[in-house]
Amino acid sequence: SSVSGSAPPPARILAICGLVLEFIEVPTPRHGTLSVSGVAHVATILVAPPPWGALAVGGAVLAHQLVQRRPATRIAFNVANHVVTVSIASMAVGAIGAPPLLLTDQAIPLGYIAAAVAALTYYGLNVGLTATVISLATGRRFGYVLAINNRSTLLPDLGAGTLGVLLAAS
């Protein structure tokens, strides 16, 4: 599919939601914080056809990182991580069917499959890429970094993915 025109209206609304949610964080049990933006990211994957989802999420992450005055290398990684993650998840959902129609016009099981693919691909790639970079930078084993970074955020991330699916369906 070619890129022409502008993003569909639901994708524009989710882009704004994603930008706002980038700035909302909740504390984790291990003295860290967790952004709730994943809710909008998963919904965007399900509603916005490529490349609109990746552009919306990448733009929101970039804005947040710039406002937070993160180092340039961290900004580059975080934006690229989200753009790649959302792009791959969007392509996976697109292989199942047209994203805006999956949760409304198709048989229910297809919508469930698309939702699972969107959430699992998004979170799996996001945490996998992050753990890989941290592992390489620190010399720690990948499995150790993956476990340490996600032991207190796995359930909230799964909850955010579920909320993203519900948001996309509404």
- For the residue pair L21 and I24, establish whether any side-chain heavy-atom pair is separated by less than 4.5 Å. yes
- Item | Beyond-backbone contact of L46 with V93, side-chain heavy atoms, under 4.5 angstrom | yes
Over all heavy atoms of both residues, which pair between [X] and [Y] is shortest? Give the atoms and the distance, please.
X	Y	answer
I45	A89	CD1-CB, 3.7 Å
S90	A48	OG-O, 4.5 Å
A63	L19	CB-CD1, 3.7 Å

Determine whether [X] and [Y] fall in the same hydrophobic cluster, where Ile, Leu, Val, Met, Phe, Trp and Tyr are linked whenever their side-chain heavy atoms lie under 4.5 Å apart.
X	Y	answer
L55	I13	no
I88	I96	no
I134	V84	no

Kindly compute the distance separating [atom1] ([X]) from [atom2] ([Y]), expressed to the nearest 0.5 Å.
X	Y	atom1	atom2	result
F142	L136	CZ	CG	10.0 Å
R141	I148	CZ	CD1	10.5 Å
L14	W52	CG	CH2	14.5 Å
I75	L66	CD1	CG	4.5 Å

- Task: Just jot down the side chain to side chain donor-acceptor pair (under 3.5 Å) partners of Q68, sequence neighbours excluded, or say none.
- Result: none
- side chain to side chain donor-acceptor pair (under 3.5 Å) against S35, all qualifying residues, sequence neighbours excluded: S37
- Query: In this structure, are over 12 heavy atoms from other groups packed under 6.0 Å from R70 atom CZ?
  - Reply: yes
Side-chain donor-acceptor pairs of residues 118-131 under 3.5 Å, sequence neighbours excluded:
unit_1, atom_1, unit_2, atom_2, d
T121, OG1, V117, O, 2.7
Y122, OH, H41, ND1, 2.5
Y123, OH, D157, O, 3.4
N126, OD1, N81, ND2, 3.1
N126, ND2, H82, NE2, 3.3
T130, OG1, N81, ND2, 3.2
T130, OG1, N126, O, 2.9

- Task: Take E22 and V61, measure what side chain to side chain contact (heavy atoms under 4.5 Å, CB included) needs, and give me the verdict at the end.
- Result: CA-CA 7 Å; E22 280 294 328; V61 171; 3.5 Å; yes
